[in-house]
Number of protein chains: 2
Amino acid sequence: MEILDLDPIIHERVRLGIMTLLLQAGELDFGTLKRELGVTDGNLAQHLRVLEEHGLIEVHKAFVGRRPRTTYTLTPEGRRRLWEYLERLSALLRSLKKPGPRARR
Amino acid sequence: MEILDLDPIIHERVRLGIMTLLLQAGELDFGTLKRELGVTDGNLAQHLRVLEEHGLIEVHKAFVGRRPRTTYTLTPEGRRRLWEYLERLSALLRSLKKPGPRARR
């Protein structure tokens with residue numbers, strides 16, 4: 001069944017939110033991700049770690065003046081797998097919009 | 001952020017699989033759901049319980065000869081919330097296909 005082929009690392013809502021925000025913005029810092037998603041520090045950090053461990057995002061550490069600033073970007077692999085996930089989701093939605101062969105009601 | 005508005009009860013992959021299968025087939029029994037989704041008895045039973053507790057599916061118990069047969073259907077509320085979820089998902093996908101205003105790369 002196609003739905004269970006959906007990439008579980010990406011499908012989780014906070015992680016899907018992180019990846020689509022990065023797809024649109026290119027590069028974002030922790031504070032902006034947290035504000036946009038409305039999640040706690042701990043929750044966001046946990047999901048960022050999962051995405052990084054799976055090679056889907058990259059962490060960039062720099063200094064703005066003396067203040068450390070951490071930003072995140074999609075890796076090429078992350079971008080590829082996100083588009084693949086979104087394509088599968090679109091195909092699934094298209095298949096649901098047409099009444100299935102077995103639909104009895 | 002729209003993604004976090006996605007109904008968490010429906011978004012989980014096995015539950016989304018159950019609901020879209022019921023949307024297409026109308027009524028299915030436990031064995032068919034299990035085969036189509038390729039999940040364990042325990043995993044399927046757990047997700048069916050969550051969907052029933054949230055009023056999204058209905059359980060029907062009958063006998064075929066002397067053998068008990070349990071089938072499942074979407075409730076009207078389940079059908080409504082599934083379509084709402086699918087509409088939101090489609091809108092999200094459409095917004096991602098067009099390069100966002102902040103897209104820098």
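Throughout, protein chains are lettered first and strands after them, A, B, ... in sequence-line order, and every chain is numbered starting at 1.
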From [X] atom [atom1] to [Y] atom [atom2], the distance as rounded to the nearest 0.5 Å:
X        : Y        : atom1 : atom2 : value
Thr20(B) : Leu92(A) : OG1   : CG    : 6.0 Å
Glu36(B) : Ile3(A)  : CD    : CD1   : 11.0 Å
Leu96(B) : Trp83(A) : CG    : CH2   : 6.5 Å

Who pairs with Asn43(A) by side-chain hydrogen bond (donor to acceptor under 3.5 Å, both in side chains), at least two apart in sequence or on another chain?
His47(A)

When you measure from the side chain of Arg13(A) to the backbone N and O of Leu6(B), does any donor-acceptor pair fall under 3.5 Å?
yes

If one checks every heavy atom of Val39(A) against chain B at 4.5 Å, the contacting part turns out to be side chain

Do Glu12(B) and Glu12(A) have side chains that approach each other closer than 4.5 Å (heavy atoms only, starting at C-beta)?
no

For Leu4(B) and Leu37(A), the nearest pair of non-hydrogen atoms, with its separation, is CD1-O, 2.6 Å

